[in-house]
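To keep things clear, I will list the structure first and then write my remarks on it.
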Amino acid sequence: MNCIALLVVTVCCVSWTSANYHYHDQEKDKELKYLLEPLVYAEVTARRGQAVILPCMMRFKLPHYRVKWTKIEPLSRGVENIVLITNGHADKQYGSIGPRASLQRAHDLDISLRLADLELEDDGRYRCELIDGIEDEIVILTLRIEGVVFPYQSHHSRYRFTYFDAKEACAEQDAVLATYKQLYRAWTEGLDWCNAGWLNDGTVNYPILHPRLACGGDLPPGIRSYGPRHRIREQYDAFCFTSTTKGSVFYIPGPLNFVEAEHACRHEGADLARVGQVYSSWKFLGLDRCDGGWLLDGSVRFPIIKPRGRCVGITEQGVRSFGYPSKGLRLYGAYCYR
């Protein structure tokens, strides 16, 4: 990496996140009189497409009250992203999440939020706020979308994405730009990548498990960060995040060139798979194949669950890439999505 002077090494990887949310935690220091602290379900985990309950309970029934559910957006500090407001009799939904939101109402004290058909962007922290005259109380919960982070770069070469290019590139691969927490979790699960990439907060980072000369020398393992970068003038790769999909990926043997691979998938009632769809099938459906295959973006990749010697010496599981070969080459099969 060339920008060593800009590098900030995050070994424990928690201080940045803690500072980012500290002003919310101050609200939680207040002793609760009307709401129950979510001791067991402070973090709820689900996958894209599922429904989930974010628990919030009153200690006793109040004669008059309002409840406001808000998604806490790290990128919009000071701006409320309201999901739902109720007065106990009528509910009103707001924003992009609102149409999928409702109150569970399992009993008179239940003001839990139900979110249906979860999307990747739903990942984050949510605030349940009970408004009773001048005494307001809140409980904060985390919704974690279970998924997989993958590095992604332009077919031209590395470091060709502005921040907005990176967001678009991830979306084209059935993914979104990863959050810092998602990248950190991926690092703890074994992600080791030397190229720096954008995250959704506009910072640029890369995860290192095995320090080496080409990746910052003998700096310790961790999430290495360049901090916030200029979103238009500067260019890097991207770290994308995806979760389960409604379909699945299957392989058609070659040899095929890119156009033939497209036709082969269509003949089976499918399309060439996107990168995020291959990662999803590898992560959640156990897709394991030693053969390189074309994907929709023109790259050639193969997913490995059980490393074996005949797979070009691969010793670790993952989705491996041959890069972006000439689309006229008839050397590979096709990974299709249906």
Side-chain angles (χ1 to χ4, degrees), residues 1 9-14 16-17 20 43 45-50 74-75 118-125 142-154 158-159 161 163 165-210 215 221-227 229 236-245 249 273-287 295 297 299 301-305 314 316-321:
M1 309 295 291
V9 181
T10 307
V11 179
C12 296
C13 304
V14 295
W16 182 91
T17 305
N20 193 42
E43 178 172 294
T45 301
R47 296 177 181 178
R48 176 169 57 176
Q50 294 181 336
L75 303 185
L118 289 175
E119 299 179 359
L120 297 174
E121 295 86 350
D122 294 340
D123 184 279
R125 305 219 303 176
T142 297
L143 170 60
R144 182 172 72 85
I145 303 297
E146 186 180 357
V148 57
V149 172
F150 60 92
Y152 192 73
Q153 64 180 212
S154 167
R158 72 172 190 164
Y159 296 174
F161 294 141
Y163 171 80
D165 293 336
K167 288 189 70 172
E168 183 177 351
C170 289
E172 289 174 352
Q173 300 310 317
D174 189 43
V176 294
L177 273 177
T179 67
Y180 186 89
K181 283 187 175 181
Q182 289 164 347
L183 182 65
Y184 171 71
R185 183 177 292 273
W187 174 75
T188 66
E189 295 172 349
L191 182 60
D192 181 89
W193 197 255
C194 198
N195 293 346
W198 292 102
L199 296 181
N200 79 330
D201 60 358
T203 62
V204 172
N205 306 262
Y206 65 101
I208 292 295
L209 279 172
H210 308 293
C215 303
I223 307 296
R224 299 179 178 173
S225 178
Y226 291 175
R229 311 309 304 164
Y236 298 93
D237 291 343
F239 285 103
C240 304
F241 174 81
T242 193
S243 184
T244 50
T245 61
V249 173
R274 302 172 190 270
V275 177
Q277 292 165 345
V278 171
Y279 270 92
S280 175
S281 290
W282 166 76
K283 175 76 172 180
F284 297 107
L285 299 178
L287 183 64
L295 301 187
D297 66 341
S299 66
R301 304 172 193 256
F302 64 97
I304 291 295
I305 297 290
I314 297 297
E316 296 179 353
Q317 66 174 0
V319 177
R320 307 302 174 185
S321 175

Suppose we screen for salt bridge (charged side-chain N to carboxylate O under 4.0 Å, His left out). Which residues come up paired with [X], at least two apart in sequence or across chains?
{"X": "Arg144", "answer": "Glu43"}
{"X": "Asp192", "answer": "Arg212"}
{"X": "Glu146", "answer": "Arg47"}
{"X": "Lys167", "answer": "none"}

Would you please name every residue forming a side chain to side chain donor-acceptor pair (under 3.5 Å) with [X], sequence neighbours left out?
{"X": "Arg48", "value": "Asp174, Thr242"}
{"X": "Asp297", "value": "Tyr152, Ser299, Tyr324"}
{"X": "Thr244", "value": "none"}

Distance in Å, [X] [atom1] paired with [Y] [atom2], rounded so as to fall on 0.5 Å steps:
{"X": "Leu120", "Y": "Thr179", "atom1": "CG", "atom2": "OG1", "result": "11.0 Å"}
{"X": "Leu183", "Y": "Arg185", "atom1": "CG", "atom2": "CZ", "result": "12.0 Å"}
{"X": "Leu295", "Y": "Gln277", "atom1": "CG", "atom2": "CD", "result": "9.5 Å"}
{"X": "Tyr206", "Y": "Phe239", "atom1": "OH", "atom2": "CZ", "result": "10.0 Å"}
{"X": "Gln50", "Y": "Ile145", "atom1": "CD", "atom2": "CD1", "result": "8.5 Å"}
{"X": "Asn205", "Y": "Leu199", "atom1": "CG", "atom2": "CG", "result": "4.5 Å"}

Report yes if some heavy atom in the side chain of [X] is under 4.5 Å from a heavy atom in the side chain of [Y]; otherwise report no.
{"X": "Leu209", "Y": "Trp187", "answer": "yes"}
{"X": "Gln182", "Y": "Asp123", "answer": "yes"}
{"X": "Tyr163", "Y": "Arg229", "answer": "no"}
{"X": "Pro303", "Y": "Val319", "answer": "yes"}
{"X": "Asn200", "Y": "Phe241", "answer": "no"}

If you look at every heavy atom in Gly147 and Phe284, which pair is closest and at what distance?
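Looking at all heavy atoms of both residues, the closest pair is CA-CZ, 3.7 Å.
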What are the two closest heavy atoms between Ser280 and Ser243, and how far apart are they?
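Answer, listing the atom of Ser280 first, then Ser243: OG-O, 2.9 Å.
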Once side-chain contact (heavy atoms from CB on, under 4.5 Å) is applied, do any residues pair with Ala166, and if so which ones, sequence neighbours excluded?
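side-chain contact (heavy atoms from CB on, under 4.5 Å) check on Ala166 returns Phe161, Leu177, Trp198, Ala238.
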Mind checking what makes side-chain contact (heavy atoms from CB on, under 4.5 Å) contact with Glu168, not counting sequence neighbours?
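Glu172.
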Tell me every residue that passes ring pair (Phe, Tyr, Trp, His ring centres under 6.0 Å) with Phe150, counting only those two or more places apart in sequence or in another chain.
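Phe150 satisfies ring pair (Phe, Tyr, Trp, His ring centres under 6.0 Å) with Tyr279 only.
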